[in-house]
Each structure stands twice: as C-alpha cells, then as structure tokens.
Protein chains: 2
Amino acid sequence: MPAPHDPQSARAARDARDRLPRDAHRGQPTLRDVAERAGVSAMTASRVLRDDPQVLPATRARVRAAADALGYRPNEVARSLRLGRGTGLVGLVVTNLANPFYSRLALGVDSVVGEHGLKTVIGNTGQDLEAERELLADLVARRVDGIIAVPAGADQRHLAAAVADGVPVVLASRPPEGFAADCVLVDDFGGAHAATARLLERGHHRIGFLGSPPAVHTGTERLRGYAAALAEAGFALDTHLVRQGQTEPRQATRAAAELLALPTPPTALFCSNNRNTIGAFRALREAGGADVALAGFDDFELADALGLPLTLVAYDTDELGRAAGRLLADRLHDRAAPTGPREIVVPTHLVEYGM
Amino acid sequence: MPAPHDPQSARAARDARDRLPRDAHRGQPTLRDVAERAGVSAMTASRVLRDDPQVLPATRARVRAAADALGYRPNEVARSLRLGRGTGLVGLVVTNLANPFYSRLALGVDSVVGEHGLKTVIGNTGQDLEAERELLADLVARRVDGIIAVPAGADQRHLAAAVADGVPVVLASRPPEGFAADCVLVDDFGGAHAATARLLERGHHRIGFLGSPPAVHTGTERLRGYAAALAEAGFALDTHLVRQGQTEPRQATRAAAELLALPTPPTALFCSNNRNTIGAFRALREAGGADVALAGFDDFELADALGLPLTLVAYDTDELGRAAGRLLADRLHDRAAPTGPREIVVPTHLVEYGM
DNA sequence: CTGTTAGCGCGTTCAA
DNA sequence: TTGAACGCGCTAACAG
C-alpha cells in the first residue's frame, strides 16, 4: 500500500497553475480539423498521420496536404492519455544547477534520454528537502516515465514512494536507502583514498578534510576513503582536522581558514567536492604563502590555472548522467522482464595540476 | 496560415517513444477507484480533491481517507486535456547547458516559472539548428504553455512558427527577428563599449577581438560596441585583429595565438564571451610573459584567480533567466489582454580582477 | 449536496 | 479501404 502523501503542498502547486486563464483554447488544429478539410473521417486522418499503410495513396495525399496546410501537430497530451503510456518525460531532480557537476549531469542525462525520444523536466530543489518531496509528488502526478534523482539528504522515503507508485527511479551519485532502485555511483571511496595516499606519499600526514554535510553520501564515503588511507599509513584520524557541512565555496573558505589557524595546522587539505576545493583554494591564497598542499574530489574548469599544485580526483561527469539515462531507458523498455536493481560505478583517476 | 512543418523528423522522434511497451498501465489509482472506495460518484470525489466547498464534511472525509489509503494522485495529463489549458510546462531551448551561462539562465528561469506552478523542460540543441527546429516542433506538440529560447543562429522561422501556433515565446539574450515576441537582452553594445574604452584609457589601441560566429546576435553587438569605442577614440577597426567564430575555449586559444603571432601583434584582447576569454587566457599563459591586456564579456567563477589583470563585463545571469520567466508568466496570465512585445535590457558593469 | 451526461483529442476495436 | 463507437482520466454544466 503506497504511503499517503502530503496533499497540502502538492495541491498548492497545482492551484497556482489552475489560476491561469480558462479560455486557453489556442486554436491549434485538431485531427478532426484535418479530417474535415480532407473530406475523410478523423480515423482515416489518424491513420495517415501515423503512417498506417492501410490507406489509399490518394486519400493519404489529401490528408497530408490538409495537415500541412493547417500546420497540424498531433496533441501529445491526448496521445499520452489515450495510449495509457507515459508522457515521454523524464524528471531530473538535482539540488543546484549552478554547480557545474549538476549541469553536466543534466546534459548527460538529456542527451541519452533524448535519443529515446524522451525529454527532461528539471527540478532544482536548492537543498530543500521539503521542496524535493513536493517535486517528486508533482512529477509522479505529471506521469513522467521515470525519474533520475540526486537526493539532497539521507531521507529517501519520497523516492521509495515514487517507486511504489510504479515510476522507475534511478539515483545518481547516491545509493538507494531502504528500497530497490538502479543507481550510478562514483568511486567515492577509491578516489578519496587515492588522493589522500598521494598526499601521504609526499610526506604529509596532518591532512585536513573539508566536506559536505554528513547526510550527503558522497561526503561520508569520501571521508571514509580519506580515513582509510590515513589508517593504512598508520595515522589516526584527527577529528580536529575534519570540517563537514560546507555546501558553498564561501563556507569552505571559512572552514579552511579555521583549520589553517589551528595551533598545529595541517600541512595539506583534502576537499570532498569542487565547492570545497575552490573555497579552500581561496583560503590558501588569502593566507599568503602558506605552504599547504591541496587535493580534492571533482575536476573543474580552470583548475589548471590557479597557480598552485593541485591534485584532483577526476571522473567523467557527463558519463555519470549518460549512464543514469541508459539505466532508466533500459527499465522503460524492459518493464515486462524486470531484472534486479543495477549499480554502475564510474571510475576515477588522479590528475595533477600546476606542478 | 502557419508554415508547413517537416513531418519526417518530428515523426521520427515520436516513433522512438512509441516503441515503448504498450502495457504501461502502472496501476496508479484513478479517481473512480477513490470514488468506489469511498462509496460516492467520481464527480464528488473530484470535487473533494479540488477543495470544492460544496461537499458535506462527512463525505469529504470519506473521500480524503480513500484517496490517502490508495495513494491517489490526480493524473495531470488527463487534467490538462480536460481543462484545455496547457500542460504547466515551459520549454527552455539552449545550445549548451555545460556553459555556465546557460545553466545559470536555466536556474533563473526555473525558479521563476516554478513559483507559478510551472515546470521547465530543457532542450539542449548543441548548436545544431536542425535539432533546434525539431525541438521546437516537439515542444509545441507537447503543448507546453510557453517557450523560452536562446536560438543558436540567425534563422528564427521555427520560433515564429511556434508563435503563429499560439505558443508564447520569450527570447533570452537575442532579439526576435521577423516576428513579435518578448525578449530579455543584455546591454551588449554598452558593455563591450565600456570594456574597450577601459583598454583604450590604459593606452591600448591595437586591440584584438575574439568572438562567437557572426550569426550570433551577442557576438555582433559586442563587436559593434568594441568598434564604436575604437572609432570614438579615433582608431579605425583593423579587421586583421578581429577573429569571429570561436565557440569553445580551445578554438579561442588558437585564434588568440594567431593574433599574438602577427607581425604587429595586438597589445590587448577583448573577448566577446566567457568561452573566448578563457581560451584567450590560456593562449596568453602559453605565450609566457606576453604583456597583453585582457578584457572580456561575461564574469565567471575563478576569474579572480587567474593571476593576471582581467577586465570583465559582468551582469546578473540569473536575473536574465528570471526576467525571461517573468515575461512569460505575465503572458500566460494576461492572454486576454495582450500588450505589445516587451523588451528588457539587463545592465552591465565592469569588474577588474587581479590588479 | 450529489449524481448524470458529455467531451477534451486521440487511437483501438470492430463493423461496413 | 474506411468509418462509428467507445474510452483513456478528468471536470464543466446541468440536473435532481
């Protein structure tokens, strides 16, 4: 039995739309208009426009002419309803499109689903869990064919609800918690481990960690990778050097500055995502010639131009989106023969800049 | 009479979707299911779920309970069809979501239209004019309520066709050509003029120009601003110093390198967008200590971190998207009382980095 | 206050 | 080869 939803907020969103003018008949020609002009029944017109071969070439031509003259376009809304299929739409749920990570992801998703004749509906939640809940309910109500999501927090019950409603969900960059769904992950642990190990090789062992809030899966996995590398080298994790919770560069700059101001400051920093790396970079620059090594997860444009050595964990962000799109497309075609949930892990590699 | 469309490609896209499984009844509960469970007619259930006051509290409660138990969500597809209104979707047509300019624009658009209960469908055309034509036809067929577009080229007949079909179109960053539509522009001329004047003030007069293809409105406007500033200072435009056509940083790097290799190279470069500025930056860096001043249109993240003086024409990209969203939302509400096309110009200002 | 009828635009089914 | 009836899920307009 599907969980009851919150009807308040979802209805509020609908109401806003319902206030649009009632008269909205835009005079787009319908199948009947085409049929009349061609002197045939709507049914025949429908057949012609769907390339049904069972039509006399002569009538076919007449219908085509009529359709072109009228500028007819089939109403996809009516088609969706009639065919009982979905809408040909895929919902994409992200927290912040302004972050290049998410826009690349969106690009990858859209390119793949586009090849399957699907379009992408974006939903930007701005880290707001409540907004995310409403968004998901709305996407389900709109009968999207599937949803690709990067949930903002650890609570994924709204995603589970969508799955229970029969909507295929693919998670990107986070694993499903408490329900079955396909997902595409980045090798968070491995990448963070490798970057930290690289810093250790260079003789650092007081390595600070800057990361996203603990509720974010990538953040904690990358923290685990960092901690594991330290442990393997025989160094205990010093919680004074760990700062989680930064979502924006500005916050990261502040957190990094605090670490640098410690009595025994770290000699290197590892940042769990591009926002934190950029923030830490600014802190280092403000600190003047602080001789602190910098490493981070996520490659980004102009990383090579910052004028300081930088070790980054790189991976193919577009591919992350494309893989998610492929998983979803597979589900849509194979609904009859469902396989178990699939998990794809995108590999990472280290890149060195400015050396 | 609307122009006849190309039925081939549009149909091809539909066909891909039509190959999805036929059985797709996802068993989502319908209004009738709710009504039956509550022991009322579908009509009464409908009324309750739309907060129609004309219902006995007791029945209202029964219906609510039934809906919750079933996890009922109104089918927005059916609602759209029945109400003859749009779909609550806005089409956003851009060339490259990976360019921060477009992702910020998308964010701005989505935030505003979201407040009106609308969702954004993205269409990334990758500079492909043919893809853009198909995309527009598809959006119209899907009965989006409106379209916000940054057309890739000078040919806007497909946009005019959408307008002729009664779909409100708002252009962002380009003016309409040959038809009436609202638009939001950046002060291209003024910004380019100001940046070039700044370079002239500093004693430069051999100033190279790097820009997008001539078909792109912003590129030519910004070229005009650059040329005007030169002319006002008494310098003729030297076409050897003008390189148009670069879309990606890599191309811009090459073009910049060519300018720098001229017998009498420019002493400064003005770039008409962020892609060209970043490309030119790399060329300067590769050229070693080349003492060439750099200016460009568009602010971008890390522009302050490049370690060289940089003059940028900045403006509020999010606001560009938000303004476009507002224009569209206004149209949707005011369809009854149409005003003439509106044009909004977003102002620019100069920022100096690395000095 | 509640139910019936009808139809949005299209496509499946069956009959002609 | 073509057409008429019916229904997808929902709601406006009118009963009762």
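Proteins get letters first, then strands, A, B, ... in listed order; numbering begins at 1 in each.
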Taking any heavy-atom pair under 4.0 Å as a contact, classify [X]: base, sugar-phosphate, or nothing.
X	value
A:Leu31	sugar-phosphate
A:Arg47	base
A:Leu56	sugar-phosphate

Would you mind reading off the distance between [X] atom [atom1] and [N] atom [atom2], rounded to a whole angstrom?
X	N	atom1	atom2	value
B:Asp52	C:dT2	CG	C1'	11 Å
A:Arg32	C:dG7	CZ	P	9 Å
B:Asn75	D:dC10	CG	P	6 Å
B:Leu83	C:dG7	CG	C1'	12 Å
A:Leu81	C:dG7	CG	C1'	12 Å
B:Gln54	D:dG16	CD	P	18 Å

Problem - Donor-acceptor contact below 3.5 Å, side chain B:Arg142 vs main chain A:Gly88 - result: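 Yes; at least one donor-acceptor contact below 3.5 Å.
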* Hey, is the main chain of B:Ala152 close enough, under 3.5 Å, to the side chain of B:Glu132 for a donor-acceptor pair? -> yes
Using a cut-off of strictly less than 4.0 Å, decide whether [X] has a side-chain nitrogen or oxygen near OP1 or OP2 of [N].
X	N	answer
B:Ser41	C:dT2	no
A:Thr59	D:dT2	yes
B:Arg79	C:dC8	no
B:Arg82	C:dC10	no

query: So does B:Asp138 pair up with B:Arg143, basic N to acidic O under 4.0 Å?
result: no
Electrostatic pair B:Arg50:B:Asp52 at N-O distance under 4.0 angstrom
no
Nearest heavy-atom approach of A:Pro29 to A:Tyr72 is O-CD1, 3.3 Å
Considering only heavy side-chain atoms of A:Arg50, the closest of D:dT2, C:dT2, C:dG11 is C:dG11
5'-most contact on DNA chain C (nearest-nucleotide basis), B:Val40 vs A:Thr30, goes to B:Val40
Given that A:Ser46 and B:Ala42 both sit by DNA chain C, which one's nearest nucleotide is further toward the 5' end?
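The answer here is B:Ala42.
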